[in-house]
Colleague: 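Okay, here's the structure, questions in a sec.
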Protein chains: 2
Amino acid sequence: MNATPATSARRAASVAPPVRAARERILDTAFGLFYAHGIRGVGIDRIIAESGVAKATFYKYFPAKDDLVLAYLDKVDAVWSEQLHAAASAAGPDPAAQLVGMFDALDSACRREGYRGCAFINAAAENEAGTPIHTRTLRHKNQVRAWVRQLAVDANAADPDALARSLTLLLDGGLASGSVDAGADAPVVAKAAAQALVSAAVA
Amino acid sequence: MNATPATSARRAASVAPPVRAARERILDTAFGLFYAHGIRGVGIDRIIAESGVAKATFYKYFPAKDDLVLAYLDKVDAVWSEQLHAAASAAGPDPAAQLVGMFDALDSACRREGYRGCAFINAAAENEAGTPIHTRTLRHKNQVRAWVRQLAVDANAADPDALARSLTLLLDGGLASGSVDAGADAPVVAKAAAQALVSAAVA
DNA sequence: GCCGAGGTAGACAGATCTGTCTATTAGTGT
DNA sequence: ACACTAATAGACAGATCTGTCTACCTCGGC
């Protein structure tokens, strides 16, 4: 936006497909393809073709397919956590209300075109325990549950661990059956059940 | 058990690896391997090697890999449904108690060595919507929910559909997170949550 | 003694997938 | 003008996977 001797990266960025666009294009393409077709269902060649990148460039940024998968899962983690937090916040300042409100994120997800369940659960189904991908999934699930648990603590739940567990069970159930069923009532029922469980636990 | 001129099949069956043993051996081997490593993670060659069968024999009984996968899912369906029904029955004649009791099947499943979640959810994760395998999964989930719904009707639940949905959500959540987490408290918490939901719905 | 059914063993074709490597092109700072 | 960096295009090796096909073997029934 100015004429100072900006770095080359800056200059290029303001003009055309610039320096770091390649990595991002790969990741964006992988995000869509992995989610839609499963990790094993998408080959490197297809990602390369659809992201318009050369093979050497791909392997420069992601030395192995698993590295891309891990980056994909990091991205899913960021996106989904953000949606969960946003839905909770939208329910107002009361932590008990937030515990219920987070189910709105499930509802939005299930309505989304091409919804195919939880990317982490799907990834875990394709990769055995102990692999980096499976471990990454475990970490994600633990993070979400820890966040829910804190909300439960803030809401003065009698047993925050149990409440967090039951709510994440409901959430995972909604996500998992969404990959199969996608019944429109699932998220609504899940939210109602969550409401009941929260009310009982906080009373 | 007698000396009448029995059919050759009968005779053979009482002696050694007889006629239809080959098909069964293949299916049993596939059952273990598919569940443990995922469908895509197990090749035909491995199934052949571990079931001690010739390739031609394999393709005689299962013209394509998908045929074997479908047979595998049928078997899983039979086994899991049986466990669910047994757990429910064990809770006594009261349908409301049975709705809670079925969660004991989840508990047993999670404790089992090598537990890796719901075979159907895992299968669906590896196969896109519209494929026979995905469709088979959908059918299974619908069947289970229909059975639970009937139990809810028998229990005079105010809204049997909603109760059935919320309970299967909890169940699927337990199954799905079991493929990742396997936290020992999950089944216990799921059962407690189910108890709360059933009590509220039947009151 | 012989035949036929069902099984075994394994080579083979063809597709697909991951990852490597070479040769070339375009833009940037000096 | 020149060197450097980043990217492109695509051939290639090596592994793996599905499914076909040939050749042989074994055993019960007639």
Side-chain angles (χ1 to χ4, degrees), chain A residues 3-27 29-30 33-34 37-72 126-127 131-133, chain B residues 3-27 29-30 33-34 37-72 126-127 131-133:
Chain A
T4 67
T7 70
S8 64
R10 260 262 196 44
R11 283 282 280 280
S14 65
V15 173
V19 181
R20 64 187 238 294
R23 198 195 124 101
E24 220 148 303
R25 233 157 53 224
I26 295 169
L27 191 48
T29 304
L33 290 177
F34 280 157
H37 308 290
I39 293 167
R40 285 224 171 57
V42 180
I44 298 291
D45 283 346
R46 183 164 179 195
I47 293 170
I48 284 168
E50 295 202 16
S51 61
V53 139
K55 210 161 197 179
T57 306
F58 175 90
Y59 278 101
K60 179 187 166 191
Y61 290 115
F62 304 100
K65 186 183 181 181
D66 272 9
D67 295 315
L68 175 61
V69 175
L70 256 8
Y72 155 67
E126 292 188 85
N127 292 274
T131 60
I133 293 170
Chain B
T4 68
T7 69
S8 64
R10 261 263 197 41
R11 284 282 280 280
S14 66
V15 173
V19 180
R20 62 189 238 296
R23 198 195 124 102
E24 220 148 302
R25 233 158 54 226
I26 296 168
L27 190 48
T29 305
L33 290 176
F34 281 157
H37 308 290
I39 294 167
R40 287 241 191 24
V42 180
I44 298 289
D45 284 345
R46 182 163 180 196
I47 293 170
I48 285 169
E50 296 202 13
S51 60
V53 139
K55 211 162 196 177
T57 305
F58 175 89
Y59 278 102
K60 180 188 168 191
Y61 290 114
F62 304 100
K65 185 183 182 182
D66 273 8
D67 295 316
L68 175 60
V69 175
L70 257 7
Y72 156 66
E126 292 189 85
N127 292 273
T131 60
I133 293 171

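Basis for what follows: all heavy atoms, side chains included, without hydrogens, waters or symmetry-related copies. What you see is a predicted model, and the numbers here were worked out from it, not measured in a lab. Residue numbering restarts at 1 for every chain, and letters A, B, ... go by the order of the sequence lines.
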Colleague: Mind checking whether B:Phe62 and B:Ile44 have side chains closer than 4.5 Å, heavy atoms only?
Modeller: no
Colleague: Side chain of A:Ile44: nearest nucleotide among C:dT18, D:dT18, C:dT8?
Modeller: C:dT18
Colleague: For A:Tyr59 and D:dT8, give me the distance from atom OH to atom C1', rounded to whole Å.
Modeller: 16 Å
Colleague: Whole Å only: how far is the CD1 atom of B:Ile39 from the C1' atom of D:dT18?
Modeller: 16 Å
Colleague: Tell me the closest heavy-atom pair linking B:Thr57 and B:Ala22, and the distance in Å.
Modeller: CG2-CB, 3.9 Å
Colleague: Let me know the distance between CD1 of A:Ile47 and P of C:dC17, rounded to the nearest Å.
Modeller: 11 Å
Colleague: Could you check whether the side chain of A:Lys55 and the base of C:dG19 have a donor-acceptor pair of N or O atoms closer than 3.5 Å, going by distance alone?
Modeller: yes
Colleague: Has the side chain of A:Glu126 got a donor or acceptor atom that lies under 3.5 Å from a matching backbone atom of A:Ile39?
Modeller: yes
Colleague: Side-chain N or O of B:Thr57 versus OP1/OP2 of C:dG7: is the shortest distance under 4.0 Å?
Modeller: no
Colleague: To the nearest Å, how far apart are B:Lys65 NZ and D:dC17 P?
Modeller: 8 Å
Colleague: Find the distance A:Asp67:CG to C:dG19:P and express it as a whole number of Å.
Modeller: 9 Å
Colleague: Regarding B:Gly52, tell me which of base, sugar-phosphate or nothing describes its non-hydrogen contacts under 4.0 Å with the strands shown.
Modeller: sugar-phosphate
Colleague: Looking at C:dG7, D:dA7, D:dG19, which one has an atom nearest to any side-chain atom of A:Tyr61?
Modeller: D:dA7
Colleague: A:Ala56 has a side chain; which of C:dC21, C:dT18, C:dG19 sits nearest to it?
Modeller: C:dC21
Colleague: Go through the N and O atoms of the side chain of B:Lys60 and the base of C:dG6, and report whether any donor-acceptor pair is under 3.5 Å.
Modeller: no
Colleague: B:Ile26 CD1 to C:dG6 C1': how many Å, rounded?
Modeller: 13 Å
Colleague: From A:Tyr61 OH over to A:Leu27 CG, what is the distance, rounded to the nearest 0.5 angstrom?
Modeller: 12.5 Å
Colleague: Whole angstrom is fine here: how far is it from CG in B:Asp45 over to P in C:dG10?
Modeller: 12 Å
Colleague: With a 4.0 Å cutoff (strictly under), does any side-chain N or O of A:Arg25 reach OP1 or OP2 of D:dT8?
Modeller: yes
Colleague: Using every non-hydrogen atom in the two residues, find where A:Ile48 and A:Lys55 come nearest and quote the distance to one decimal.
Modeller: CD1-CG, 3.3 Å
Colleague: Taking for each residue the nucleotide of DNA chain C with the nearest heavy atom, is it A:Arg40 or A:Pro63 whose nucleotide lies nearer the 5' end?
Modeller: A:Arg40
Colleague: Rounded to the Å, how far apart are B:Ile48 CD1 and C:dA11 P?
Modeller: 14 Å
